[in-house]
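Have a look at the structure below, then the notes.
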Amino acid sequence: MKDGILLYIDPGTGSMLFSVLIGVAAAAVFFAEKALVKIKFFLSGGKAAAADAKKIPYLIFSDNKWYWTIFKPVCDEFERRGIELVYWTAAEEDPALKEDYKHVKCEFIGSGNKAFARLNFAKAGTLLATTPGLDVYQWKRSADVDRYVHIFHSTGDAALYRMFGLDYYDAVLLTGSIQETNIRNMEKLRDIKKKELVYVGSAYMDAMKKRLEDAGRVENEKINVLVASSWGKSSVLSRFGAKLIRTLLDRTDYNVIVRPHPQSFVSEISLMESLMKEFPESDRLKWNRDNDNFDVLNRADVMITDFSSVIFDYALVFDKPVLCADTSFDLSPYDAWWLDEAGVYRFDAHKRLGKTLKEDELDDIGNIIKELKEKDPLAAGRAEVRGERWKYPGEAARRTVDYLTERKTEIS
């Protein structure tokens, strides 16, 4: 600029500055509130203390509408028991907002930094969330929240969270043993406080299994192949995207459904636009962005994926074969990077659930899929992994609410 200076702040720096400002503001408000409480206490002879101590007993936070499948069974259980619960969402289109609950209050608190600002001043006894990164970026622990509890959005490995994803939670609800092992590994390596770990199972997988029992399985005349990708540089759409879709369309007569990770439409917009333009929908190709993945998983005969946790939903609930694309997974952004080569972290479960698909095998993908569907050599592996990663089938919602209510009573 000729008469001034144009100041540019990159997103990373902006996020850091926001975190600093929120931290300072939170500290100021906290001390001001505590001072006010003390003044009221002395002026009222101690009678004002109860009024200032009001907190939401149970608070759930969801950062995306996609996670309603995780929280709905828990909310339903609170409603069934007649226990008051508040559900905050950062998604204006969250299906929770359309629910007709009497005891569960669902509220949209804004998106992005507006939501985190609200969270940073929350007053609650227990806050339950599936969002990693507490006290790492914008989302800071509130001095007026007694206990932060994490619930997994899959039966996957805790080491596949971005670095420090679970470090500052007080407790974690587990679906299986691999999560406990690597959470304890991280705590030891970083010399941080041990979290309370509780096995509850997977409420959303319980609900999905019940839906499958009620709806029945879809039988297709022609093989339906689902390409279900994670996001990032190691995802199947980033590494093999155009080549994989083109080969499926040109070298087979199968129907193809492509379901990218929701984050791809936020962090990989150019990739999504390029692929969707090159491969528009047709009689054989569909792009799927349903909030609820039940129908698309039920319609698919074989799934092609990468390191996405959807492999567990598909293989363990629908009991169908998977092809795991060999994308040379980069561990550097994840907690798994901290574990040594002999550590517990590995794609052991993926190897038992799915056949590895290498790039030089793409030309023969039609025969690979046909053989996988007809012979299904992975059935035994699925049974093993199901036992390891999905504890207490059908009991997760009850166990989750039991833990939250009983733990609150113990603290009180």
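- With Thr400 contributing its side chain and Ala396 its backbone, the two residues share a donor-acceptor pair below 3.5 Å.
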Legend entry - Audit row: Arg299, Asp295, salt bridge (charged side-chain N to carboxylate O under 4.0 Å, His left out) steps and yes/no: CA-CA 6 Å; Arg299 294 201 311 269; Asp295 288 334; 5.5 Å; no
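- In this structure, Lys195 pairs ionically with Glu187, as a charged nitrogen and a carboxylate oxygen lie closer than 4.0 Å.
- Using a cutoff of 4.0 Å between basic side-chain nitrogens and carboxylate oxygens, Glu384 and Arg352 are scored as salt-bridged.
- A distance-only check finds a donor-acceptor pair linking the side chain of Lys320 to the backbone of Ala300 [under 3.5 Å].
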Legend entry - Verdict with supporting geometry, Asp170 and Lys193, salt bridge (charged side-chain N to carboxylate O under 4.0 Å, His left out): CA-CA 9 Å; Asp170 299 300; Lys193 180 182 177 181; 5.1 Å; no
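- Look at Glu196 and Arg407 and you find a salt bridge, because one of the NZ, NE, NH1 or NH2 atoms lies within 4.0 Å of a carboxylate O, short of that distance.
- A pairwise comparison of heavy atoms in Met303 and Val310 identifies CE-O, 3.8 Å as the closest pair.
- Closest approach of Arg284 and Tyr254 over heavy atoms only: NH2-O, 2.9 Å.
- Across Asn255 and Asp283, no two heavy atoms sit closer than the pair OD1-O, 4.1 Å.
- Residues Val86 and Tyr58 fail the side-chain proximity criterion, which asks for heavy atoms closer than 4.5 Å.
- By the 6.0 Å contact criterion, CD on Glu92 is open, its count of non-hydrogen atoms from other residues, nucleotides or ligands being 12 or less.
- Here Lys72 pairs with Asp76 in a salt bridge; the nearest charged N to carboxylate O distance falls below 4.0 Å.
- Side-chain atoms of Ser308 never come within 3.5 Å of backbone atoms of Thr305 as a donor-acceptor pair (strictly under, hydrogens ignored).
- No donor-acceptor distance shorter than 3.5 angstrom exists from the side chain of Arg141 to the backbone of Asp135, with no hydrogens or angles considered.
- In this structure, Leu119 and Trp139 approach most closely via the heavy-atom pair CB-NE1, 3.6 Å.
- Proximity of a side-chain donor or acceptor of Asn298 to a complementary backbone N or O of Arg217 within less than 3.5 Å is not detected.
- A donor and an acceptor atom, one from each side chain of His150 and Tyr161, are located under 3.5 Å apart.
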Inset, instruction - Please assess His103 against Glu84 for the test side chain to side chain donor-acceptor pair (under 3.5 Å), listing each intermediate value before the final yes or no. - result: CA-CA 5 Å; His103 302 283; Glu84 300 301 312; 2.9 Å; yes
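- Interatomic distance, Leu127 CG to Leu59 CG, rounded to the nearest 0.5 Å: 4.0 Å.
- Look at Glu93 and Lys65 and you find a salt bridge, because one of the NZ, NE, NH1 or NH2 atoms lies within 4.0 Å of a carboxylate O, short of that distance.
- Across Leu372, Leu353, Val322, a single residue satisfies side chain to side chain contact (heavy atoms under 4.5 Å, CB included) together with Leu378, and that is Leu372.
- Using a distance-only test at 3.5 Å, with no hydrogens or angles considered, no donor-acceptor pair links the side chain of Tyr314 to the main chain of Ala228.
- The pair Arg399-Asp206 fails the salt-bridge criterion, with no side-chain N (NZ, NE, NH1 or NH2) lying under 4.0 Å from an Asp/Glu carboxylate O.
- Residues Cys75 and Ile60 meet the side-chain proximity criterion, which asks for heavy atoms closer than 4.5 Å.
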Inset, instruction - Test Glu268 against Ser238 for side chain to side chain donor-acceptor pair (under 3.5 Å), laying out the working first. - result: CA-CA 9 Å; Glu268 301 172 312; Ser238 292; 3.2 Å; yes
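- Contact check on Arg118 versus Glu107 returns a salt bridge, with a Lys/Arg side-chain nitrogen under 4.0 Å from an Asp/Glu carboxylate oxygen.
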Legend entry - side chain to side chain donor-acceptor pair (under 3.5 Å) evaluation trace for Asn120 with Ser142: CA-CA 5 Å; Asn120 294 342; Ser142 168; over 6 Å; no
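- Residues Arg259 and Asp290 meet the side-chain proximity criterion, which asks for heavy atoms closer than 4.5 Å.
- Glu278 and Ser274 share no donor-acceptor pair across their side chains, judged by distance under 3.5 Å alone.
- Without hydrogens or angle criteria, Glu99 side chain to Pro95 main chain gives no donor-acceptor distance under 3.5 Å.
- Using a 4.5 Å heavy-atom threshold, the side chains of Leu404 and Phe78 count as touching.
- The number of heavy atoms from other shown groups lying within 6.0 Å of NZ (Lys210) does not exceed 12.
- Residues Phe318 and Phe294 place their aromatic rings such that the two centres sit under 6.0 Å apart.
- A donor atom on one side chain and an acceptor atom on the other are not found under 3.5 Å apart for Ser230 and Asp306.
- The minimum heavy-atom distance between Leu248 and Val227, with the atom names listed, is CD1-CG2, 3.9 Å.
- Side-chain atoms of Ile369 and Thr252, non-hydrogen and from C-beta on, never get closer than 4.5 Å to each other.
- Between Tyr87 and Ala96, the shortest heavy-atom distance links the atoms CE2-CB, 3.4 Å.
- The environment of NZ in Lys209 is sparse: at most 12 heavy-atom neighbours from other residues, nucleotides or ligands sit within 6.0 Å.
- By the 6.0 Å contact criterion, CZ on Arg190 is enclosed, its count of non-hydrogen atoms from other residues, nucleotides or ligands being greater than 12.
- At a threshold of 4.5 Å between non-hydrogen side-chain atoms, the residues Lys105 and Leu85 do not count as touching.
- One finds the OG1 atom of Thr405 at 9.0 Å from the CD atom of Glu77 (value rounded to the nearest 0.5 Å).
- Ion pairing between Arg211 and Asp292 holds under the 4.0 Å rule for side-chain N and carboxylate O.
- Contact of the Tyr169 side chain with the Pro132 side chain is not registered, since no non-hydrogen atoms from C-beta on lie closer than 4.5 Å.
- In this structure, OG1 on Thr89 lies 3.5 Å from CG on Asp94, to the nearest 0.5 angstrom.
- A donor-acceptor pair under 3.5 Å is absent between the side-chain atoms of Glu374 and the main chain of Glu371, judged by distance alone.
- Between atom CG of residue Asn224 and atom NZ of residue Lys373 there is a gap of 10.0 Å, rounded to the nearest 0.5 Å.
- For Tyr392 and Tyr199, the gap between ring centers reaches or exceeds 6.0 Å.
- Using modelled atom types, no side-chain atom of Trp88 and backbone atom of Ala115 make a donor-acceptor pair closer than 3.5 Å.
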Inset, instruction - Determine, stepwise, if the pair Lys277 / Glu273 fulfils salt bridge (charged side-chain N to carboxylate O under 4.0 Å, His left out). - result: CA-CA 6 Å; Lys277 181 179 180 180; Glu273 290 178 344; over 6 Å; no
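- Side-chain contact between Leu226 and Leu297 is present, with at least one heavy-atom pair separated by less than 4.5 Å.
- Distance alone, capped at 3.5 Å, places no donor-acceptor pair between the Ser229 side chain and the Ser235 backbone.
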Inset, instruction - Could you please spell out the steps behind the salt bridge (charged side-chain N to carboxylate O under 4.0 Å, His left out) verdict for Arg81 and Asp402? - result: CA-CA 11 Å; Arg81 299 188 189 191; Asp402 281 349; 2.8 Å; yes
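- Atom SG of residue Cys324 and atom CD1 of residue Ile304 lie 10.5 Å apart, to the nearest 0.5 angstrom.
- For Asp326 and Lys358, the salt-bridge test passes: some basic side-chain N is under 4.0 Å from an acidic carboxylate O.
- Between Arg382 and Asp319 there is a salt bridge, with a side-chain nitrogen of the basic residue lying less than 4.0 Å from a carboxylate oxygen of the acidic one.
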